Amino acid sequence: MVATPSKEALKLFQDGCLALAVLESNGICMDVERINRTIDEVGVQIEDLTGELKTDEVWKTWKRRWGDKSNLSSRSQLASILFKEMGYESKHATKTGRDKVDVDALEGIDLPFVQKWIRVEKHKKLRSTYLVGIRREVCDGLLHPSFNLHLTRTYRGSCDSPNFQNIPIRDPEIGGMIRRCFIPRPGRVLVEVDYSALEFRIASCFWSDPAMIRYASDSTLDIHRDMAAECYKMPVEQVTKKPRFYAKNGFVFPELYGSYYCNVARELWNAIESAELTTADGVDLFKHLRRAGISELGACDSHDKPVKGTFEHHICQVEKRFNEKFPTWSRKKDEWLKLYQKRGWFRTMTGFVCAGVFSRNELYNYPVQGPAFHCLLWSLIQLVKQIKKRKMQTLVVGQIHDSILADVPEEELDDYLQMVKQIMTVDVRDHWAWIVAPLGVEAEVTRTNWFEKKAVEIK
DNA sequence: CACTGGAGCCAC
DNA sequence: AAACGTGGCTCCAGTG
């Protein structure tokens, strides 16, 4: 017997298609003048930096080696110059055995040429993928990305032409240049409402681990903060934003999705240097760890047992405690795997069937990632429906996995915020009994452009 | 010239 | 034994 998706699952995607079609048709208002201006400005920056690179000694070596075929954008050529001609040591290989030439590999090379090369490449990416790529899709000042529901293995959504779901934000210089081009329509504001910690909360529901649910429910508890404290051996009060960020993305999520101490330890260790992590009192975390008796990373090789006194050994212990902290999760991981191995398929809490060959890690990720998005999609459907019913002028214009972007008339702002919060945190829980953890949202508003959005309270 | 896969980088 | 997931876009390098 072939398992089939539930009626509810099918309906969610049917209604979802219609709601997303409304978003696509509405479109996002763009500052085309600014896009054009920025394309020129970044173009000049790229030319200037390229000119500087071409006066560098390294470029002479490059020309000697590659002659007329010399191409500053070629990573394989750069690799040949650095690792063959200049004798730098290549520490990482790609899966096809070539020398890695990514930011991670290049950051260790202390050459002005290389650091400038990284900067040029970042700007080229910004210009071609985002500025030029987005301008190509703008029609009468509006951008109409395609929001898909038929392409992912997890029953998440995706987006293309352009992909509105990966606009830079982490690097403020790059993010600012592109996000300032997204603007509200005249007399309106852009409103972005996103779920707080949605994936962790949905994970707690899926595994029904009481301790995990407690973390997801009590706003005074913070798993990322607590794990930062453990990983970097500091008191909770000494954990600031940055170490918390790296604990979240370098420990908690990787561990939840099947990574382990070898990789995790390396990641957390490297973050100390690259992000210049400190305690709240400003003590460098290497120094801090040394005081606590840890002065080296360790081999981080799966064949060797971690050596006592190393960071790797410490993280191995933290991992053990993490598993003990969430005993139900630890137990159910195995049961979930066994069930799949027996049947060859599984069903998400939202009624979708995942059938096929899955790795262990995919098995941990899919049942969380899909349903988390389905909370957003269900909310989006209700939102679009209610806006129409109430004859509001608000236009929902975008969706980014756990957030909704809308173009709202100033006079509808308060109503809109109330409505969206009610749907996303209350109504969705009435609809799905499996959501046993509370949900929360955060809202940001801007009257100028998407980069300038500021947090607002929802009363 | 069209097409493909790899590598890399952007987001959640 | 093995080792975090999902996407889209661009460029290069190689193929026919």
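All chains are named by letter (A, B, ...) in the order of the sequence lines, taking the proteins before the strands, and each is independently numbered beginning at 1. As the structure is a prediction and not an experimental result, all values here were calculated from the model.
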Query raised in the report: Any stacking of A:Tyr260 on C:dA3, going by centres under 5.5 angstrom and planes within less than 30 degrees?
Result: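 Here the ring of A:Tyr260 and the base of C:dA3 are stacked, with centres under 5.5 Å and planes under 30°.
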
Are OP1 or OP2 of [N] and a side-chain N or O of [X] less than 4.0 angstrom apart?
X	N	result
A:Lys100	B:dG8	yes
A:Thr94	B:dA7	yes
A:Lys122	B:dC10	yes
A:Asn263	C:dC4	yes

Query raised in the report: Are any of the side-chain heavy atoms of A:Arg360 and A:Leu363 separated by less than 4.5 Å?
Result: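 No, their side chains stay 4.5 Å or more apart.
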
Test item: side-chain donor near acceptor, [X] and [Y], under 3.5 Å:
X	Y	answer
A:Ser379	A:Tyr195	yes
A:Ser74	A:Lys69	no
A:Tyr257	A:Glu199	yes
A:Asn449	A:Arg179	no
A:Thr154	A:Gln369	yes
A:Trp269	A:Glu312	no

Query raised in the report: Contact class for A:Arg170 vs. all strands (heavy atom < 4.0 Å): base, sugar-phosphate, or nothing?
Result: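 A:Arg170: backbone/sugar contact only, no base atoms under 4.0 Å.
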
Report task. Indicate, with a heavy-atom threshold strictly under 4.0 Å, whether A:Val101 touches base, sugar-phosphate, or nothing. Result ->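 Sugar-phosphate, backbone atoms only, no base.
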
Query - Mutual orientation of the aromatic rings belonging to A:His431 and A:Trp378 [parallel < 30°, tilted 30-60°, perpendicular > 60°] - result: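 Geometry flag for A:Trp378 against A:His431: parallel rings.
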
Report summary line: With B for base contact, S for sugar-phosphate-only contact and - for none (protein heavy atoms under 4.0 Å), nucleotides 8-16 of chain C reads BSSSSS---

Query raised in the report: Rounded to the nearest Å, what distance is computed from the OH atom of residue A:Tyr257 to the P atom of nucleotide C:dG7?
Result: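 So the OH-P distance, A:Tyr257 to C:dG7, works out to 14 Å.
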
Query raised in the report: Heavy atom of residues 366-380 of chain A under 4.0 Å from DNA chain B: which residues?
Result: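 Correct list: empty, so none.
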
Query - Step-by-step side-chain contact (heavy atoms from CB on, under 4.5 Å) determination, A:Tyr155 to A:Thr350 - result: CA-CA 10 Å; A:Tyr155 300 100; A:Thr350 42; over 6 Å; no

Query raised in the report: Can you name the closest pair of heavy atoms from A:Met227 and A:Ala247 and give their distance?
Result: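 Closest approach of A:Met227 to A:Ala247: C-CB, 4.1 Å.
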
Query raised in the report: Quick one: does A:Arg34's side chain have a donor or acceptor within less than 3.5 Å of a partner on A:Ile178's backbone?
Result: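 Judged by distance alone, no pair lies under 3.5 Å.
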
Query - Neighbours of DNA chain C within residues 322-341 of chain A, by heavy-atom distance under 4.0 Å - result: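 By residue number: none to list.
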
**Report entry** Under-3.5 Å donor-acceptor pair between A:Arg153 side chain and C:dT6 base
**Finding:**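 Answer is no: no donor-acceptor pair is held.
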
